[in-house]
Amino acid sequence: LARLLLIGATARYAGKTQLACKIIGRMAAQVEVVAVKVTVAEAQVGACARGGPGCGACATLGDGFSIYAEDGGQVSKDTAKMKAAGATRSFWLRSSRNQLVPAFESLLDRIGPRPAIVCESTSLRAHWVPGVFLLATRVQCLPKPSAAALAEHADRTVIFDGRSGDFDVADLSFDSD
C-alpha cells in the first residue's frame with residue numbers, strides 16, 4: 001500500500017506519536033493526510049495488554065474491532081495530537097488480533113483511495129507492505145519480540161532519546177502518483 005507510511009516501535013514511549021506529528025506536519029502542506037493509531041487488544045481480564053490497570057477501552061471488543069473518529073476534544077490523546085499536527089482526519093482503530101486485517105480493510109474503505117495515511121502500528125506490518133516503514137526505538141531498551149521479528153522490514157530505524165529522534169522529516173516527500 002504505497003500511500004501508507006507506517007510507524008512501528010520496539011517498545012512503549014519510543015517517540016511514535018512525536019514522529020508521526022512531525023511527519024504529518026511536513027506532509028500536510030503537500031497532500032491530504034489521514035492519521036491512524038492502531039491498538040491490538042489481547043484477551044485479558046482486569047488488566048491492559050500494554051501493562052497496568054488499563055483504561056477499559058479495549059475490554060468490550062471481544063473478537064471484534066472499533067473505529068473511533070477523533071473530534072479533537074481530548075487534546076492529550078495521540079489521535080488528537082496527530083489531527084492538530086495537520087491530519088484532515090484522525091482515527092483510533094482498536095482490534096482483537098484475529099480481526100486486525102478486516103478491521104484495517106474496513107478503515108481503508110472509510111478513508112477512501114486518495115489520502116496519504118500516517119499510521120502508528122507495529123502489528124500491521126505483519127499483514128501489509130507500506131510505502132515506508134519506520135521503526136522507532138528507545139535508547140538502551142530491549143525490543144519487544146514482535147517488533148524484533150519485523151525489524152528487518154524497516155526502511156529506517158529511528159532512535160529516540162526521550163526528547164527527540166534522529167530522523168529529519170525535511171528529507172521526506174510524498175509522491176501522490
Side-chain angles (χ1 to χ4, degrees), residues 1-9 12-44 46-125 127-128 130-134 136 158 160 163-165 167 169 172 174 176:
L1 189 59
R3 65 190 175 115
L4 175 64
L5 189 152
L6 194 58
I7 302 170
R12 294 180 72 200
Y13 309 110
K16 293 186 309 289
T17 303
Q18 184 182 51
L19 179 59
C21 288
K22 286 182 179 180
I23 290 169
I24 291 166
R26 168 81 176 164
M27 291 175 65
Q30 302 169 25
V31 297
E32 180 185 2
V33 180
V34 173
V36 176
K37 179 178 181 72
V38 176
T39 301
V40 176
E42 303 292 345
Q44 198 168 350
C48 179
R50 307 279 184 261
C55 67
C58 298
T60 59
L61 287 177
D63 284 332
F65 64 89
S66 172
I67 299 170
Y68 168 76
E70 179 59 58
D71 61 12
Q74 293 182 305
V75 295
S76 63
K77 290 175 46 187
D78 291 350
T79 50
K81 291 175 185 175
M82 291 189 284
K83 188 167 184 174
T88 56
R89 293 176 287 163
S90 184
F91 296 96
W92 181 23
L93 172 63
R94 294 176 293 136
S95 172
S96 60
R97 187 161 304 281
N98 65 344
Q99 288 296 304
L100 182 58
V101 171
F104 192 63
E105 288 171 343
S106 178
L107 181 58
L108 288 175
D109 287 344
R110 189 166 172 178
I111 291 170
R114 294 293 305 155
I117 303 168
V118 174
C119 178
E120 285 188 30
S121 175
T122 306
S123 300
L124 272 181
R125 183 56 188 90
H127 305 284
W128 296 89
V132 175
F133 177 48
L134 301 175
V158 179
F160 184 70
R163 291 184 310 278
S164 64
F167 182 74
V169 297
L172 190 63
F174 180 77
S176 59

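This structure is a prediction, so every number in the text was calculated from the model and none was measured.
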Q.
Are the side chains of Gln99 and Pro102 in contact, using a 4.5 Å heavy-atom criterion?
A. yes
Q: Looking only at non-hydrogen atoms, find the nearest pair between Pro115 and Val34 and report the distance.
A: CB-CG2, 3.7 Å
Q) Does Arg110 have any salt bridge (charged side-chain N to carboxylate O under 4.0 Å, His left out) partners at least two apart in sequence or in another chain, and if so, which? A) none
Q.
Nearest 0.5 angstrom please: Phe65 CZ to Ser96 OG, how far?
A. 9.0 Å
Q | Lys16: salt bridge (charged side-chain N to carboxylate O under 4.0 Å, His left out) partners, not counting sequence neighbours | A | none
(Q) So, taking the atom named NZ in Lys37 and the one named CD1 in Ile7, what distance separates them when rounded to the nearest 0.5 Å? (A) 10.5 Å
**Q.** Contact summary for Leu4 and Cys119, nearest pair of heavy atoms
**A.** CD1-CB, 3.7 Å
Q | Nearest-0.5 Å distance that lies between atom CE in Met82 and atom CD1 in Ile23 | A | 11.0 Å
Q.
To the closest 0.5 Å, what do you measure between OG1 (Thr79) and CZ (Arg89)?
A. 14.0 Å
Q | Gap between atom CG of Leu93 and atom OG of Ser106 - 0.5 Å precision | A | 8.5 Å
Q) Is the shortest heavy-atom distance from the side chain of Phe91 to the side chain of Ile111 under 4.5 Å? A) yes
Q.
If the condition is side chain to side chain donor-acceptor pair (under 3.5 Å), which residues does Thr88 pass it with, not counting sequence neighbours?
A. Glu32
Q) What pairs with Ala87 under side-chain contact (heavy atoms from CB on, under 4.5 Å), at least two apart in sequence or on another chain? A) Ile24, Ala35
Q: Answer whether the closest heavy-atom distance between the side chains of Val38 and Leu107 falls below 4.5 Å.
A: no
Q.
Show me the pairs that pass ring pair (Phe, Tyr, Trp, His ring centres under 6.0 Å) and involve residues 103-122, at least two apart or across chains.
A. Phe104-Trp128
Q | Over 12 non-hydrogen atoms of neighbours within 6.0 angstrom of OH in Tyr68 | A | yes
(Q) Between Ser95 and Thr39, does the side-chain contact (heavy atoms from CB on, under 4.5 Å) criterion hold? Intermediate values first, please. (A) CA-CA 6 Å; Ser95 172; Thr39 301; over 6 Å; no
Q.
According to salt bridge (charged side-chain N to carboxylate O under 4.0 Å, His left out), who are the partners of Lys77, at least two apart in sequence or on a separate chain?
A. Glu70
**Q.** Side-chain heavy-atom pair Leu108, Arg3 within 4.5 angstrom cut-off
**A.** yes
Q: Work out which heavy atom in Lys81 is nearest to a heavy atom in Ser76; give both atom names and the distance.
A: CE-O, 3.4 Å
Q) Side chains of Glu120 and Asp78: closer than 4.5 Å at any heavy-atom pair? A) yes
**Q.** Rounded distance [0.5 Å steps], CG in Leu6 versus OG in Ser123
**A.** 9.5 Å
